[in-house]
Amino acid sequence: MALKHAAFLDVIDLRTPHREHGEAVSVSLMKTAHMQLLQLVLPAGKGLPQHAVAGEITIQCITGEVSVTSRDGIRQLREDQLMALAAHEPHALLGVRDATVLVTVLHAAE
């Protein structure tokens, strides 16, 4: 079954992580030619290993606390905080306290 993404003007509820089989999961909320919105669930002690994304990104902490490691060091993001990263910037994420983050990826115009 294909993943259903939100469309322009759809209201997306970020207060409750999407659930599958009773457990919170990470999900792609919306994807267009120029942008993607991802809701990532990062339990304490779990994360994403170092990686880079082709487009500029923002990482917004919705709940909990997440650690973002980049070439410039480690930054802590708490609820209602966000940061931006340049395209191709290597980074890793780690849930410090059970966290949900909203990641916005801007894709380069083709």
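Just so it is clear, the values below take in all heavy atoms, side chains as well, and ignore hydrogens, waters and symmetry mates.
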What's the shortest heavy-atom distance between [X] and [Y], and which atoms?
| X | Y | result |
| --- | --- | --- |
| L29 | Q39 | CD1-CB, 3.9 Å |
| V68 | L93 | CG2-CD2, 3.5 Å |
| R78 | C61 | O-CB, 3.2 Å |
| A87 | A54 | CB-O, 3.1 Å |

Query raised in the report: Is the backbone of A86 close enough, under 3.5 Å, to the side chain of E89 for a donor and an acceptor to pair up by distance?
Result: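 No; judged by distance alone, with no hydrogens or angles, the pair does not exist.
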Query raised in the report: Do D98 side-chain atoms and P43 backbone N/O form a donor-acceptor pair below 3.5 Å?
Result: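 No; zero donor-acceptor contacts below 3.5 Å.
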**Report entry** Check: Q50 and T69 side chains under 4.5 Å, non-hydrogen atoms
**Finding:**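 A side-chain contact is absent here, since even the closest heavy-atom pair is not under 4.5 Å.
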Query - Side-chain heavy-atom pair V103, L40 within 4.5 angstrom cut-off - result: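 They are in side-chain contact.
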Quick one: do [X] and [Y] end up in the same hydrophobic cluster if we chain Ile, Leu, Val, Met, Phe, Trp and Tyr together by side-chain heavy atoms under 4.5 Å apart?
| X | Y | value |
| --- | --- | --- |
| M35 | I12 | yes |
| L102 | M30 | yes |
| V105 | L48 | yes |
| L38 | L85 | yes |
| I57 | V27 | no |

Reported [atom1]-to-[atom2] distance for the pair [X] and [Y], which is rounded to 0.5 angstrom:
| X | Y | atom1 | atom2 | result |
| --- | --- | --- | --- | --- |
| H5 | T32 | NE2 | OG1 | 10.0 Å |
| L77 | Q60 | CG | CD | 9.5 Å |
| L42 | T100 | CG | OG1 | 8.0 Å |

**Report entry** Residues which pass side chain to side chain contact (heavy atoms under 4.5 Å, CB included) with V96, listed by chain and number, not counting sequence neighbours
**Finding:**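 Testing V96 for side chain to side chain contact (heavy atoms under 4.5 Å, CB included), a comparison that skips the adjacent residues, returns E65, S67, Q76.
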Requested in this report: Could you note down all residue pairs passing ring-ring contact (aromatic ring centres under 6.0 Å, His included) where residues 45-85 supplies at least one of them, sequence neighbours left out?
Outcome: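 Qualifying pairs: H51-H91.
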Report task. Indicate whether any N or O donor in one side chain lies under 3.5 Å from an N or O acceptor in the other, for Q36 and S28. Result ->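 Checked: Q36/S28 side chains pair up, N/O donor to acceptor below 3.5 Å.
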